[in-house]
Amino acid sequence: MSTVETQIQVQLPDGNKKTLDAGATAADLAKSIAEGLFRKSVGALVNGEIKDLYTPLNDGDTVQLLTPDNPESLELLRHSTAHVMAEAVQSLFPSAKIAIGPSIQDGFYYDFEIPDHSITPQDLEAIEKRMLEIAKENQRIVRYNIPDVDKQIDEFQKQGEKFKAELLLEHRDHDPTLYLMQDKDGNTVWNDLCRGPHLPGTKDIKAFKLLKVSGSYWRADESRERLQRIYATAWWSKKDLEDYLKRLEEAEKRDHRKLSKQLDLFSVHEEVGPGLIFWHPNLATVRDTIEDYWRQEHRRRGYSFVYTPHIANEQLYKISGHLENYGENMYSPMDIDGEDYRCKPMNCPGHIMIYKSKLRSYRDLPVRYAELGTVYRYERSGVLHGMLRVRGFTQDDSHIFCTPEQLEGEINDVLDLIDSLMTTFGYKYKAYLSTRPEKSLGTDEEWEMATNGLENAMKARGLDYEVDEGGGVFYAPKIDIKLFDAIGREWQGPTIQVDLNLPKRFDVTYIGEDGNRHQAVMVHRAVLGSMERFCGGLIEHYAGRFPTWLAPMQVAVLPISDRHQERAKELSEALRKQDIRVHLDDRPETIQYKIRDAQMEQTPYMLVIGDKELEDNVVAVRHRQGGMVGTMKFEEFLEKIKTEIQNREA
RNA sequence: GCCGUUGUGGCUCAAUAGGUAGAGCUGCUGUUUUGUAAACAGCGGGUUGCAGGUUCGAUUCCUGUCAACGGCUCCA
């Protein structure tokens, strides 16, 4: 480090260099470029990291000033708004102790411990009001290096800010900083232990909304203090805020539980038990169609279908290790003839039993078993959620047994299967490779073989992926695929794991070319995940408007009056014979009423039959989204819809 | 499981400062025979999640419980 430099040089995003006085901050840089830029700047990206606007720069730094036009600046705004919220909460509830308040996707939260009060929705309004006042005061947010950590810890202790004291103790060697909120006279009115970064002041904080209150734990640890968390969102402009709230509304409209009531899709019954799904005919049709497609795709790719029992002697799960590692999620044993049996929580042991039912040669491999296997898992009552989180569900499960040499090729095939299924449903996706975690079974060589198998297959396909270092499960590296739905929301999608545990526990082997026994490589994979979650997600993805090939009802035939019934009936039967799901609405209702009903049920096509159609021997085709399509020969319509279904058009 | 909120006919929602609930849609019946998102009329339908308690009286207040919802946590 040079000691007597009087000038520094920084690099700007456009590649130009700028010379500044030593000790200059990002703010100085902004000023030196343009006064307007300075006024707009709220922070800076220094060597790729978000920093305060008043961060001193060093020689050689690459600096990009952040204004509200940069998406990164939202993080600054949200984190700063979180501080304002905490300040407001403490001013309204003096007994509140602050924990942490990070920015998260689309917003932020802050955790509090308030011993004598539970925050209500009405409180949120009051807090918002106080926040607006603080923002209006344009308090300055000033970074302050803690000179004497012990003294500051004492200070926090005295104030009862035990969480801050605990954090500071932990970060004492990381140059801890406070952020001070100062009024216009420079008096500090509030402070928070925080590494930042923050906006220079609160004046730009104006478009925010507190969304909900929930419970949480200090450090996400159930054995520690219970906290109250306020979730909120913040944006640079009122318009952005409104757009975001609209998006939330849109998501709410797509809620599969809500759509289920409108479209008669599924139900859950208190008398039966939470988390247990009843599939009504409409959704059962969708599922059945998906399953047919699923079977076809698997058959074509050399999978064999198997069925395994729903209960098993718990010995099986002792061998598999599920009882030991997964026991909390399994249902209590039932006594059958003095033996303890369990509901199956996973399909793998069953598939292994089939594999092991005879001696396998390397010539038999790979063996690919697939099952739409229904499993039951205990989920804590608070986590159940519609069809997305349930206690009984059917996995589209498969286990591939192969040799180490075959692994990469098998993974490649699975990735190909995933691609065709996800593309058909219109999901975009992204792959993540999770590697060996700290606590894990198996040898380095095994992990390397398995991880390479996964990674090489992705590389071979040119599939983009991110690596989640150490994110694997204790017995397997895995590929997780995240799906992005029609409105850009993320869903957990397909998963592939190379199991390094079960083949050993069950002694899963094959006879190699050399005549010796070798341990088989075992791959678990699910593409849809579970039928429950997948279909629940699909409802939201399509907003209840299933594409024609999946739609519970594909065509509504609507005669205008009684004299058109006969022809309508004839057409419905012709459609039914072609395996098209058709509903003849022969009620004595007006055509408007029948159309409205079919629209509400999201029937893709409506065929209106009246005098004109009889006379010209045509059908009047209406589509649920485009309205009137036009009149055409029935055969023409039939061909059109058959093609659409066959191609599984979106 | 924990924190918070909620729980009224099939659905959406109203009402009661404690005096045993009301509307629209749905359903059924009748009339209407209809031209691209709701014809008209009539009739049904709820011991206000469940169990206790307070009270002359509870759906309304209290306690417990179950479930749902929003999170925590976890995950297919």
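In this text the structure is predicted, and so the values were computed from the model without any measurement. So you know, we letter chains A, B, ... as the sequences are listed, proteins then strands, and number each from 1.
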Legend entry - A:Lys261, nearest nucleotide to its side chain (from B:U34, B:U12, B:C72): B:U12
Legend entry - Contact check, side chains of A:Tyr605 and A:Glu644, non-hydrogen atoms, under 4.5 Å: yes
Inset, instruction - Can you figure out which of B:C72, B:C11, B:U34 approaches the side chain of A:Ile591 most closely? - result: B:U34
Legend entry - Pairing partner (Watson-Crick or G-U wobble, both distances under 3.5 angstrom) of B:U65: B:G49
Legend entry - Between B:C75 and B:U5 - P atom distance, rounded Å: 29 Å
Legend entry - Nearest-Å distance once atom P is located in both B:G57 and B:A41: 44 Å
Inset, instruction - Determine which nucleotide pairs with B:G44, using a 3.5 Å limit on both distances of a Watson-Crick or G-U wobble pair. - result: none
Inset, instruction - With heavy atoms under 4.0 Å as the rule, sort A:Gln599 into base, sugar-phosphate or nothing. - result: base
Inset, instruction - Determine whether A:Glu532 and A:Arg287 make a side-chain contact, defined as any pair of heavy atoms from C-beta on separated by less than 4.5 Å. - result: yes
Legend entry - B:G1: pairing nucleotide in any strand, Watson-Crick or G-U under 3.5 angstrom: B:C72
Inset, instruction - Indicate, with a heavy-atom threshold strictly under 4.0 Å, whether A:Ala620 touches base, sugar-phosphate, or nothing. - result: base
Inset, instruction - Please tell me which of A:Arg587 and A:Met628 maps to the more 5' nucleotide of RNA chain B, matching each residue to the nucleotide holding its nearest heavy atom. - result: A:Arg587
Legend entry - B:C56 and B:G46, which share atom name C1', separated by this distance in whole Å: 25 Å
Legend entry - Of the listed nucleotides B:G35, B:A37, B:A38, the one nearest the side chain of A:Met600: B:A37
Legend entry - Nucleotide nearest A:Arg533 when distance is taken to its side chain, options B:U73, B:G35, B:A76: B:A76
Inset, instruction - From the options B:A67, B:C74, B:U36, select the nucleotide whose nearest atom is closest to the side chain of A:Arg389. - result: B:C74
Inset, instruction - Scan every strand shown for a Watson-Crick or G-U wobble partner of B:G18, both distances under 3.5 Å, and answer none if you come up empty. - result: none
Legend entry - Ring centroids of A:Tyr593 and B:A39 base under 5.5 Å with planes under 30°: no
Inset, instruction - Please evaluate the base of B:G35 for a donor-acceptor partner in the side chain of A:Glu613 within a cut-off of under 3.5 Å? - result: yes
Legend entry - Base-pairing assignment for B:U31 (Watson-Crick or G-U wobble, both under 3.5 Å): B:A39
Legend entry - Nucleotide of B:G27, B:A37, B:U34 approaching A:Ser561 most closely (side-chain heavy atoms): B:U34
Inset, instruction - Take the protein atom CD1 of A:Ile230 and the nucleotide atom P of B:G71, then report the distance between them rounded to whole Å. - result: 15 Å
Inset, instruction - Choose from B:A37, B:A76, B:C3 the nucleotide whose nearest atom is closest to any side-chain atom of A:Arg226. - result: B:C3
Inset, instruction - Taking only the side-chain nitrogens and oxygens of A:His385, find out if one of them lies under 4.0 Å from OP1 or OP2 of B:C75. - result: no
Inset, instruction - Describe the nucleic acid contact of A:Pro588 in one word from base, sugar-phosphate, nothing, applying a heavy-atom distance below 4.0 Å. - result: base
Inset, instruction - Look at all strands and tell whether A:Ala220 reaches a base, only sugar-phosphate, or nothing, counting heavy atoms closer than 4.0 Å. - result: sugar-phosphate
Legend entry - Basic-acidic side-chain contact under 4.0 Å: A:Arg224, A:Glu166: yes
Inset, instruction - Could you check whether A:Asn329 gets within reach of a base, just the sugar-phosphate, or nothing at all, counting any heavy atom under 4.0 Å? - result: nothing
Inset, instruction - Indicate, with a heavy-atom threshold strictly under 4.0 Å, whether A:Tyr231 touches base, sugar-phosphate, or nothing. - result: sugar-phosphate
Inset, instruction - Establish, with yes or no, whether the OP1 or OP2 oxygen of B:A39 is under 4.0 angstrom from a side-chain nitrogen or oxygen of A:Thr590. - result: yes
Legend entry - Comparing A:Tyr378 and A:Gly386 on RNA chain B - which has the more 5′ nearest nucleotide: A:Tyr378
Inset, instruction - With heavy atoms under 4.0 Å as the rule, sort A:Val390 into base, sugar-phosphate or nothing. - result: base
Inset, instruction - Write down the partner of B:G57 under the Watson-Crick or G-U wobble criteria, each distance required to be under 3.5 Å. - result: none
Inset, instruction - Looking at every strand, decide which applies to A:Leu384 at a 4.0 Å heavy-atom threshold: base, sugar-phosphate, or nothing. - result: sugar-phosphate
Legend entry - Any donor-acceptor N/O pair under 3.5 Å between B:C2 base and A:Arg380 side chain: no
Legend entry - Closest nucleotide among B:C75, B:C72, B:C69 to the A:Arg257 side chain: B:C69
Inset, instruction - Using only heavy-atom distances, decide whether a donor-acceptor pair under 3.5 angstrom links the side-chain of A:Arg219 to the base of B:C72. - result: no
Inset, instruction - Report which part of the nucleic acid A:Glu270 touches: base, sugar-phosphate, or nothing (heavy-atom distance under 4.0 Å, all strands). - result: base
Inset, instruction - Could you check which nucleotide pairs with B:U8 in any of the strands shown, counting Watson-Crick or G-U wobble with both distances under 3.5 Å? - result: none
Legend entry - Nearest-angstrom distance, C1' atom, B:U29 to B:A15: 30 Å
Inset, instruction - Would you mind checking if A:Glu613 and A:Arg567 are paired as a salt bridge, meaning a charged N to carboxylate O distance below 4.0 Å? - result: no
Inset, instruction - Taking the side chain as every heavy atom from C-beta outward, state whether A:Val473 and A:Ser434 have any pair of such atoms under 4.5 Å apart. - result: no
Legend entry - Selection from B:G71, B:G1, B:G35 that lies nearest to any side-chain heavy atom of A:Lys212: B:G71
Inset, instruction - Would you check if A:His256 and A:His385 make a side-chain contact, meaning some heavy-atom pair closer than 4.5 Å? - result: yes
Inset, instruction - Describe the nucleic acid contact of A:Lys612 in one word from base, sugar-phosphate, nothing, applying a heavy-atom distance below 4.0 Å. - result: base
Legend entry - Where A:Arg389 and A:Glu379 come nearest, the two heavy atoms and their spacing: NH2-OE1, 2.5 Å
Inset, instruction - Would you indicate what A:Ile595 reaches in the nucleic acid, counting non-hydrogen atoms under 4.0 angstrom: base, sugar-phosphate, or nothing? - result: base
Legend entry - A:Glu113 with A:Lys162: basic N within carboxylate O range, under 4.0 Å: yes
Inset, instruction - May I ask you to say what A:Glu379 touches in the nucleic acid, namely base, sugar-phosphate or nothing, with a heavy-atom cut-off under 4.0 Å? - result: base
Inset, instruction - May I ask you to say whether A:Asp292 pairs ionically with A:Arg295, meaning some side-chain N is under 4.0 Å from a carboxylate O? - result: yes
Legend entry - Nearest-Å distance for atom pair CZ/P, residues A:Arg229 and B:G4: 16 Å
Inset, instruction - Could you check how far CZ of A:Arg224 sits from P of B:C3, rounded to whole Å? - result: 18 Å
Inset, instruction - Describe the nucleic acid contact of A:Arg377 in one word from base, sugar-phosphate, nothing, applying a heavy-atom distance below 4.0 Å. - result: base
Inset, instruction - Look at all strands and tell whether A:Glu532 reaches a base, only sugar-phosphate, or nothing, counting heavy atoms closer than 4.0 Å. - result: nothing
Inset, instruction - Identify which nucleotide among B:G35, B:G27, B:U34 has an atom closest to any side-chain atom of A:Arg563, counting heavy atoms from C-beta outward. - result: B:U34
